[in-house]
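We number each residue from 1, following the sequence as shown. On a predicted model such as this, the values are computed, not experimentally measured, just so you know. Heavy atoms only: backbone and side chains are in, while hydrogens, waters and symmetry mates are out.
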Amino acid sequence: MIQAVIFDMDGVIIDSEFEYLKQDFAFAKKKNPSITLPDLFGMVGSSREDAWSCMARAINNGQTWQELRDEFRADRDVYSEMDYRKIFRPEIPAILEQIHNMGLKLALASSTQMAIIERVLDENNIRSYFSVVVSGAQFKRSKPDPEIYHYTAAQLEVPESQCLVIEDSTFGITAASRAGMKIAALIDPRFSFDQSLADFRMNSLTEIPEIIQTALLHRSIRNPA
């Protein structure tokens, strides 16, 4: 039985991960011309420390992850430059409306800082759909730690086992799995995400209502795609 649907944001509600990664790659390439884009895939869906530790390993010039991140941030503010309406997935409002009409609770749980989450929700007029909005900055441990999902379920007052999480990245899927939740993973062929822990895999977010119906009927399908 599903009582609530919890959305990740980056890579799900907004197609942001490749946009961020392109800017990270341009910065890293100046430091180490031999770097390839896949060297930075570990940054996608990671916490700040994990992402920039990946950058530090790839560049391998003796700078710490904190030094690299500070240098990058001093040069530009990626978040303020981003047009979150342009990378918003246009199918999202209709999907949220369908889920709402099913009588299910909706939450958003993202590793991103709250200011960016609120901006995405407000600029795309979807804030009203979510009864709970959670930022990973509220916790000591980031995904793949399940703390953010345990907390979100508690705020929803729904057992973890009755939550369906919409994720894409390896870390996000791992966090939801460790929290004991059902998972629908959005396939993204640009990245080498391990989605083996997901209960469902989908090529499009428009498949979510059908997945919910399947879960409501107590059927289990693992990785049908």
(message) Under a 3.5 Å distance rule, please check whether Glu67 uses its side chain to pair with a backbone N or O of Thr64 as donor and acceptor.
(response) yes
(message) Checking side-chain polar atoms at under 3.5 Å, does Lys182 have a donor or acceptor matched by the opposite partner on Gln162?
(response) no
(message) Among Arg190, Lys86, Arg85, which residue satisfies the salt bridge (charged side-chain N to carboxylate O under 4.0 Å, His left out) criterion with Asp15?
(response) Arg190
(message) Please determine whether salt bridge (Lys or Arg N to Asp or Glu O under 4.0 Å) holds for the pair Glu207 and Arg201, giving the CA-CA distance in whole Å, both sets of side-chain angles, and the decisive distance to 0.1 Å.
(response) CA-CA 9 Å; Glu207 298 172 42; Arg201 297 179 70 221; over 6 Å; no
(request) Would you please classify the geometry between the Phe27 ring and the Phe72 ring as parallel, tilted or perpendicular, with 30° and 60° separating the classes? (result) perpendicular
(request) Could you tell me whether Arg69 and Glu49 have a side-chain N and a carboxylate O separated by less than 4.0 Å? (result) no
(request) Indicate yes or no: at least one non-hydrogen side-chain atom of Val44 is less than 4.5 angstrom from one of Phe171. (result) no
(message) If we ignore hydrogens and angles and just use 3.5 Å, is the side chain of Arg127 paired with the main-chain N or O of Glu118 as donor and acceptor?
(response) no
(request) Indicate whether the side chain of Gln195 and that of Glu167 have a donor and an acceptor atom separated by less than 3.5 Å. (result) no
(message) Under a 3.5 Å cutoff, is there a donor and acceptor pairing between the side chains of Asp50 and Ser53?
(response) no
Report, one line per pair, each donor and acceptor closer than 3.5 Å where one atom sits in a side chain of residues 102-114; sequence neighbours left out.
residue : atom : partner : partner atom : Å
Lys105  : NZ   : Leu156  : O            : 2.6
Ser110  : OG   : Thr112  : N            : 3.1
Ser110  : OG   : Thr112  : OG1          : 3.3
Thr112  : OG1  : Asp10   : OD2          : 2.5

(message) Can you tell me how the ring of Phe18 sits relative to the ring of Phe191, calling it parallel under 30°, perpendicular over 60° and tilted otherwise?
(response) tilted
